[in-house]
Colleague: 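Got a structure for you, written out below as structure tokens; questions coming shortly.
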Number of protein chains: 2
Amino acid sequence: MRSTAEARRVTVLNAAVSVFARAGFHATPVTAVAAAAGISEAYVFRLFSGKLGLFVAAAGACFDRIAAAIEAGAERATGGSPEEVLDAMGGAYAELIADRDLLLFQVQAQAVTDIPEIAEAVRAGYRQVATFVQSRAGASDAQVQQFFAYGQLCHLIVTAGLEQVPEPWARALTSGIRHP
Amino acid sequence: MRSTAEARRVTVLNAAVSVFARAGFHATPVTAVAAAAGISEAYVFRLFSGKLGLFVAAAGACFDRIAAAIEAGAERATGGSPEEVLDAMGGAYAELIADRDLLLFQVQAQAVTDIPEIAEAVRAGYRQVATFVQSRAGASDAQVQQFFAYGQLCHLIVTAGLEQVPEPWARALTSGIRHP
DNA sequence: GAAGTGTGTGAGTGCACACTTACAAACTAG
DNA sequence: CTAGTTTGTAAGTGTGCACTCACACACTTC
């Protein structure tokens with residue numbers, strides 16, 4: 001027994017988030033995930049119920065990591081006001097997505113929500129994050145909405161590579177956005 | 001000669017925007033676009049340089065339609081202040097994307113920006129729209145940024161189907177958003 | 001040490017799909 | 001009418017990939 005199945009699953013999920021993030025669900029063969037995890041394709045199919053099951057599980061892992069980072073960020077808030085807590089959460093999120101895997105995975109997941117299981121996983125992920133943000137920061141609906149609107153703007157900035165574009169319109173969209 | 005090639009190209013592009021919007025670039029076979037346009041797959045390959053060329057052309061058509069709608073909306077602004085013009089543009093956009101094809105196509109395009117030609121098409125599209133918004137509304141960088149941030153939030157709301165979710169976190173994210 | 005259980009893989013199988021080719025029909029030019 | 005051009009297709013071809021199966025090795029239990 002080289003390893004337990006449960007430990008393998010964790011390894012595979014980390015690899016899956018990374019690999020699916022780059023090319024998306026349909027363009028990523030399961031062999032690519034298997035190779036990144038260092039095991040055979042056949043064993044990935046034994047550990048998960050299929051490519052879809054693997055992707056849905058990876059989505060869960062992705063949102064878990066985001067929620068954990070935002071939670072840790074909130075702990076570091078200098079004050080207790082909603083604005084300060086939201087700002088600390090935003091900073092933690094900006095740090096987390098510096099490597100882009102988690103951000104790109106979200107974009108990929110949103111793009112395949114025509115598959116009901118994935119749509120449900122996306123909803124569950126945002127439910128987890130949004131309810132935490134709202135309750136922990138004690139923020140108003142409008143503040144929570146703004147928090148997520150600018151988060152989604154980050155998705156556009158990163159996918160379109162706007163931080164590399166020196167033109168005025170791109171500077172307008174990226175100005176003041178932390179990190180990416 | 002049943003039709004000119006140029007007229008066929010327009011038909012095919014409209015079909016392509018619709019069909020790619022649903023399942024995305026990789027999951028959409030060219031036969032599906034051909035069927036929606038009412039011609040054979042082989043002829044689609046003669047009209048466009050390949051599946052990628054077709055998608056890039058469809059992206060151009062998509063952003064052209066968005067820019068035209070926003071421009072028309074701006075003409076209907078009740079006043080001349082940046083806020084009023086932006087509001088009219090937002091209203092026009094909300095109307096335009098009621099059928100969801102243009103919105104979902106943007107999401108799909110952003111998801112395949114790892115393909116350089118598509119990334120460039122997405123940048124070109126947002127350049128077209130953002131420069132127009134900024135110059136026509138005479139808005140500040142921050143106002144333009146906010147305009148696009150809430151536009152991107154619409155993408156999340158629609159892809160995740162949040163308008164169907166009765167829970168408080170979903171209401172917070174969708175409150176005040178026009179239409180979708 | 002035999003039997004059972006959990007971990008792991010190589011070698012398929014079948015199908016979907018991007019793209020090509022050979023060919024046909026409509027139209028145009030002279 | 002004929003020769004040439006444009007619009008259009010049916011029928012392939014080759015490849016990549018999701019998923020399976022038979023089999024092997026490690027470890028435990030009695």
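Chain identifiers are assigned alphabetically (A, B, ...) following the order of the sequence lines, protein sequences preceding nucleic acid strands; residue numbering begins at 1 within each chain. No experiment lies behind these values; they were computed from the predicted model shown.
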Colleague: In whole Å, what is the span from the CZ atom of B:Phe20 to the P atom of C:dC17?
Modeller: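 Interatomic distance, CZ of B:Phe20 to P of C:dC17: 12 Å.
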Colleague: Are the aromatic rings of A:Phe55 and A:Phe48 close, with centres under 6.0 Å apart?
Modeller: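 Centroid distance A:Phe55-A:Phe48: not below 6.0 Å, so no.
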Colleague: Taking atom C1' of C:dA26 as reference, at what distance in whole Å does atom CD1 of B:Ile39 sit?
Modeller: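 Nearest whole value for this atom pair: 17 Å.
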Colleague: In whole angstroms, how far is the P atom of D:dT6 from the CG atom of B:Leu47?
Modeller: 13 Å
Colleague: Does a nitrogen or oxygen in the side chain of A:Arg8 sit under 4.0 Å from OP1 or OP2 of C:dG8?
Modeller: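 Yes, such a contact exists.
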Colleague: Report the nucleotide, chosen from C:dT9, D:dT20, C:dT7, that has the shortest atom-to-atom distance to any side-chain atom of A:Ala5.
Modeller: C:dT7
Colleague: If you measure from the Lys or Arg side-chain nitrogens to the Asp or Glu carboxylate oxygens, is any gap between A:Glu120 and A:Arg127 under 4.0 Å?
Modeller: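 Yes, this pair counts.
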Colleague: Would B:Gln143 and B:Glu83 count as having a side-chain donor-acceptor pair, cut-off 3.5 Å?
Modeller: yes
Colleague: Is there a side-chain contact between A:Leu13 and A:Leu54 (heavy atoms, below 4.5 Å)?
Modeller: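 A side-chain contact exists here, since the closest heavy-atom pair is under 4.5 Å.
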Colleague: Compare the minimum distances between each of D:dA10, C:dC17, D:dC21 and the side chain of B:Pro29, then state the nucleotide with the smallest one.
Modeller: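 Closest nucleotide among those given: C:dC17.
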Colleague: Starting at atom OH of A:Tyr43, determine the distance to atom C1' of D:dT20, rounded to an integer number of angstrom.
Modeller: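 Between C1' of D:dT20 and OH of A:Tyr43: 17 Å.
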Colleague: To the nearest angstrom, how far is A:Phe55 atom CZ from D:dC19 atom P?
Modeller: 14 Å
Colleague: From C:dA18, D:dT7, C:dT9, pick the nucleotide closest to the side chain of B:Phe45?
Modeller: C:dA18
Colleague: Give the rounded distance in Å between these two atoms: CZ of A:Phe48 and C1' of D:dT20.
Modeller: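 Result: 18 Å.
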Colleague: With heavy atoms under 4.0 Å as the rule, sort B:Thr28 into base, sugar-phosphate or nothing.
Modeller: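 Sugar-phosphate, backbone atoms only, no base.
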Colleague: Can you work out whether B:Arg46 or B:Lys51 has the more 5'-proximal nearest nucleotide on DNA chain C?
Modeller: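 The residue mapped nearer the 5' terminus is B:Lys51.
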Colleague: Starting at atom CD of A:Glu41, determine the distance to atom P of D:dA18, rounded to an integer number of angstrom.
Modeller: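 Interatomic distance, CD of A:Glu41 to P of D:dA18: 7 Å.
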